[in-house]
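Report on one structure; see the data block that follows.
To find a chain, count down the sequence lines: A is the first, B the second, and so on, and within it residues start at 1. This is a predicted model, so every value here is computed, not measured.
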There are 4 protein chains.
Amino acid sequence: MKSNRPKYNQIIDAAVIVIAQNGYYQAQVSKIAKQAGVADGTIYLYFKNKEDILISLFHEKMGYFVEQIEEEIKGKATASEKLHVLIQKHFQNLSEDVNLAIVTQLELRQSNKELRLRINDVLRGYLNLIDQIIIEGKENGEFLPDLNNLLARQMIFGTIDETVTTWVMNEQKYSLPDLAPDVHRLLIGGCGLKS
Amino acid sequence: MKSNRPKYNQIIDAAVIVIAQNGYYQAQVSKIAKQAGVADGTIYLYFKNKEDILISLFHEKMGYFVEQIEEEIKGKATASEKLHVLIQKHFQNLSEDVNLAIVTQLELRQSNKELRLRINDVLRGYLNLIDQIIIEGKENGEFLPDLNNLLARQMIFGTIDETVTTWVMNEQKYSLPDLAPDVHRLLIGGCGLKS
Amino acid sequence: MKSNRPKYNQIIDAAVIVIAQNGYYQAQVSKIAKQAGVADGTIYLYFKNKEDILISLFHEKMGYFVEQIEEEIKGKATASEKLHVLIQKHFQNLSEDVNLAIVTQLELRQSNKELRLRINDVLRGYLNLIDQIIIEGKENGEFLPDLNNLLARQMIFGTIDETVTTWVMNEQKYSLPDLAPDVHRLLIGGCGLKS
Amino acid sequence: MKSNRPKYNQIIDAAVIVIAQNGYYQAQVSKIAKQAGVADGTIYLYFKNKEDILISLFHEKMGYFVEQIEEEIKGKATASEKLHVLIQKHFQNLSEDVNLAIVTQLELRQSNKELRLRINDVLRGYLNLIDQIIIEGKENGEFLPDLNNLLARQMIFGTIDETVTTWVMNEQKYSLPDLAPDVHRLLIGGCGLKS
DNA sequence: AATGAATGAGGTTTCATTCAT
DNA sequence: GATGAATGAAACCTCATTCAT
């Protein structure tokens with residue numbers, strides 16, 4: 001699926017809105033088509049089936065996500081700073097598109113196991129980013145040398161994810177990006193050297 | 001719903017098995033009834049509807065979970081020790097009942113948003129347990145005095161949860177309880193005083 | 001599928017009527033259910049899917065058909081008489097249930113190839129009956145000793161079938177059973193003069 | 001529909017191939033267009049609708065069929081010889097174009113009743129040819145004077161048709177034209193002994 | 001004449017829940 | 001209390017046809 005066709009993005013954007021507003025189960029194809037301003041059948045010119053819309057949605061949005069963070073990270077010197085940027089951007093992106101946050105944190109998780117495995121493939125790029133930061137942190141002495149890579153990544157991703165989910169479920173009553181420094185400090189405390 | 005009626009537990013145990021083996025979507029009421037050895041209609045003498053089975057399932061299993069951990073924690077003197085017991089018991093419990101782990105970590109998450117909000121209510125007791133440990137840790141000087149309670153809890157729960165989920169998705173290839181000390185050290189590093 | 005459950009036959013009879021009156025493509029499951037006086041879903045308690053209704057329909061009706069003819073044939077001494085009974089009964093049965101005739105001669109033939117192969121299995125019993133008559137006729141000297149069994153059967157079945165189809169397509173303007181003696185004479189004697 | 005436009009025949013030939021290879025139901029207009037090397041929309045410049053392709057297909061192919069047999073028959077003196085040529089040519093033609101045989105004997109029969117009625121109109125010319133042979137046979141004393149014209153035609157056509165269908169369904173394992181003499185003898189003489 | 005992107009109607013099947021026995 | 005046969009709503013996807021270019 002090439003992504004430079006206008007209707008392709010039109011449908012994905014419509015899907016985000018419809019799923020966020022109606023929930024995963026009430027997001028019928030016909031509703032998405034209507035929101036996108038196309039006929040039901042048109043959906044199937046751009047997507048194999050309904051599941052393909054969701055995978056593509058995640059792919060497109062997460063892809064942009066990872067690229068953007070990768071770009072920003074390049075300029076940073078330390079692993080700690082890189083982690084800070086990652087948290088900051090993660091929170092900021094989802095904060096700026098609440099519908100997307102609702103979809104990724106709540107709605108897409110009730111898709112079937114198969115779909116979630118596909119989504120995890122997409123997530124891989126993001127997890128790799130975190131892994132690289134951990135490795136770099138250990139190499140340049142910022143993080144504990146005996147830090148378990150997998151566990152560290154699980155802590156970082158689990159904490160970020162849980163923080164966003166809680167924010168979404170609390171109906172975004174507070175500023176998510178403002179939490180970034182504290183979350184960063186917490187995570188560095190876990191990974192970092194006792195100094 | 002009283003829990004000392006034999007068929008009640010029979011149905012809940014059947015639900016765990018059926019959901020773990022067939023997945024959330026293939027866990028039809030008729031299948032659960034068959035596994036429990038009762039008629040379809042009998043389910044509705046003990047549960048309001050299908051959702052009620054799932055909430056009750058979580059309630060019963062998590063209730064036992066929290067009670068058990070609460071009991072074990074009482075005897076421990078420090079917040080750090082208490083956290084260690086909590087992690088240890090969490091990992092051990094789910095490690096001993098893989099079906100339950102699959103259900104709570106993977107299958108039940110694809111329930112609808114409403115159900116997950118209800119499940120979160122049940123989770124409250126567990127989160128409270130974590131909150132108490134954090135407060136105690138701050139009071140007796142084990143943890144940083146300016147630690148953000150909510151964030152700390154999110155880190156602890158997020159990390160534990162992500163660790164279990166990864167273990168389940170990796171088909172339980174390694175020992176989950178063995179990870180407890182490392183996860184504990186990581187989390188204490190985040191919450192604890194720089195010493 | 002056992003056939004002594006009342007709704008089973010009720011649905012099959014309804015299917016014959018609905019298909020005959022509306023045609024194969026306009027015979028929606030909902031229409032058959034309504035005609036049978038049951039809910040749509042009830043159909044699926046007795047039949048695997050829509051195709052299964054059609055196969056079962058053919059099976060039940062043709063099964064009765066073959067049994068009846070087999071019974072009648074037993075009492076006849078010669079192959080010629082047996083053939084006459086077969087033709088007579090075939091014409092009479094379909095003549096007495098015009099809806100069934102429409103379904104078997106016109107509507108069921110537009111089912112997909114797969115379904116028709118399944119139907120051919122059912123037909124096998126009928127074709128075997130014809131084969132036996134041919135063999136018997138050759139053994140007792142009624143038929144030509146060098147008669148090609150397969151071709152003879154094809155002629156007999158093809159002629160009977162074409163005769164019924166023409167009768168159905170001509171809206172049953174004439175008596176089908178009355179044609180039996182002539183068709184019998186034709187098949188026994190062909191077109192040519194006895195010389 | 002004029003038939004000397006190149007794309008017209010191109011589309012009909014494509015339809016024969018696509019239907020034979022994919023079956024009636026999988027012979028979508030788009031597939032036929034692709035096989036013909038034209039755009040979907042182009043089909044509708046030459047045919048009113050999909051049904052029109054199929055009727056035209058039958059018309060063109062059967063028309064050629066009838067013409068060819070008519071031509072060959074002229075030179076024959078007796079009805080019996082004419083019938084032999086008809087059978088021979090029928091078998092030979094379909095034998096030489098297996099795709100066409102599959103389409104006419106199997107696939108086109110699962111079209112709707114309406115279409116089949118239209119196809120029968122086309123068939124009329126062929127049936128007339130048979131009728132003429134029967135009449136001639138009776139007039140010149142070759143056939144029985146009290147032969148029922150309609151029944152005789154039904155026997156002849158039914159037998160030929162059933163023979164071809166069986167051959168197609170048996171995946172053309174044997175030579176169809178080789179059967180012509182036997183089928184001819186059968187039709188002329190029937191099953192019974194010449195007495 | 002030719003294209004092909006867009007349309008939108010329509011039907012089979014599943015499964016949670018009920019209720020007469 | 002227990003049963004299980006019956007219910008019926010609800011949605012994804014296909015594909016013949018159109019029409020702006």
Side-chain angles (χ1 to χ4, degrees), chain A residues 5-8 10-11 25-34 36-53, chain B residues 5-8 10-11 25-34 36-54, chain C residues 5-8 10-11 22 24-34 36-53, chain D residues 5-8 10-11 25-34 36-54:
Chain A
R5 285 173 293 180
K7 302 227 165 153
Y8 176 87
Q10 207 169 314
I11 291 166
Y25 281 108
Q26 288 306 309
Q28 293 89 345
V29 171
S30 62
K31 226 177 245 170
I32 295 173
K34 195 171 185 183
V38 300
D40 292 17
T42 305
I43 300 268
Y44 293 87
L45 295 176
Y46 294 92
F47 301 91
K48 220 170 48 245
N49 48 36
K50 189 180 175 182
E51 192 171 86
D52 191 30
I53 305 177
Chain B
R5 283 174 295 178
K7 299 216 169 161
Y8 176 87
Q10 211 168 308
I11 291 167
Y25 282 107
Q26 288 306 309
Q28 294 88 348
V29 171
S30 61
K31 221 177 250 171
I32 295 173
K34 194 172 184 183
V38 300
D40 292 17
T42 306
I43 300 266
Y44 292 87
L45 297 174
Y46 294 91
F47 300 92
K48 212 165 64 241
N49 49 35
K50 187 180 178 180
E51 193 171 85
D52 191 29
I53 306 176
L54 304 176
Chain C
R5 284 173 296 179
K7 301 225 166 155
Y8 177 86
Q10 208 169 313
I11 291 166
N22 300 276
Y24 182 78
Y25 281 108
Q26 287 308 308
Q28 293 89 345
V29 171
S30 61
K31 226 177 245 171
I32 295 173
K34 195 171 182 182
V38 301
D40 292 16
T42 305
I43 300 269
Y44 292 87
L45 295 176
Y46 295 92
F47 301 92
K48 220 170 50 244
N49 49 36
K50 188 180 175 182
E51 192 171 85
D52 191 29
I53 306 177
Chain D
R5 283 173 295 178
K7 299 217 170 163
Y8 176 87
Q10 210 167 311
I11 291 166
Y25 282 106
Q26 288 307 309
Q28 293 88 348
V29 171
S30 62
K31 220 176 249 170
I32 295 172
K34 194 171 184 185
V38 301
D40 293 16
T42 306
I43 300 267
Y44 292 86
L45 296 174
Y46 294 92
F47 300 91
K48 211 164 65 242
N49 49 36
K50 188 179 177 182
E51 193 170 87
D52 191 29
I53 306 177
L54 304 176

Value rounded to 0.5 Å, distance of [atom1] in [X] from [atom2] in [Y]:
X: A/Phe47; Y: A/Tyr8; atom1: CZ; atom2: OH; answer: 5.0 Å
X: D/Glu51; Y: D/Lys48; atom1: CD; atom2: NZ; answer: 8.0 Å
X: A/Ile11; Y: A/Leu45; atom1: CD1; atom2: CG; answer: 8.0 Å

Whole angstrom value for the distance that separates [atom2] of [N] from [atom1] of [X]:
X: D/Leu45; N: E/dG4; atom1: CG; atom2: P; answer: 13 Å
X: D/Ile43; N: F/dC15; atom1: CD1; atom2: P; answer: 15 Å
X: B/Lys31; N: E/dT14; atom1: NZ; atom2: C1'; answer: 12 Å
X: A/Phe47; N: F/dC13; atom1: CZ; atom2: P; answer: 13 Å
X: B/Ile32; N: F/dG4; atom1: CD1; atom2: P; answer: 17 Å

Check nucleotides 16-20 of chain E for protein N or O atoms closer than 3.5 Å to its own N or O atoms and list the pairs.
from, atom 1, to, atom 2, distance (Å)
E/dA16, OP1, B/Lys50, NZ, 2.9
E/dA16, OP2, B/Val29, N, 2.8
E/dT17, OP2, B/Tyr44, OH, 3.0
E/dT17, OP2, B/Lys50, N, 2.9

Taking the nucleotide of DNA chain F with the nearest heavy atom to each, does B/Lys7 or C/Thr42 sit closer to the 5' end?
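Its nearest nucleotide lies further toward 5', so the answer is B/Lys7.
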
Where is the tightest heavy-atom contact between [X] and [Y], given as atom of each residue plus distance?
X: B/Ile43; Y: B/Ile53; answer: CG2-CD1, 3.7 Å
X: B/Asp40; Y: B/Ser30; answer: OD2-CB, 3.4 Å
X: C/Tyr44; Y: C/Val29; answer: OH-CG2, 3.7 Å
X: D/Lys50; Y: D/Gln28; answer: NZ-CA, 4.3 Å
X: C/Asp52; Y: C/Tyr46; answer: OD2-O, 4.5 Å

First encountered from the 5' end of DNA chain E, between D/Gly37 and B/Gln26
D/Gly37

Under 4.0 angstrom between D/Tyr46 side-chain N/O and E/dA1 OP1 or OP2:
no

Minimum side-chain heavy-atom gap D/Lys31-D/Lys34 below 4.5 Å:
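With C-beta onward as the side chain, the pair stays apart.
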
Within the 4.0 Å heavy-atom criterion, would you say B/Lys34 contacts the bases, only the backbone, or no part of the nucleic acid?
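Counting heavy atoms under 4.0 Å across all strands, no contact is made by B/Lys34.
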
Strand DNA chain F in bracket notation, Watson-Crick/G-U under 3.5 Å with | for pairs to another chain
.||||||||||||||||||||

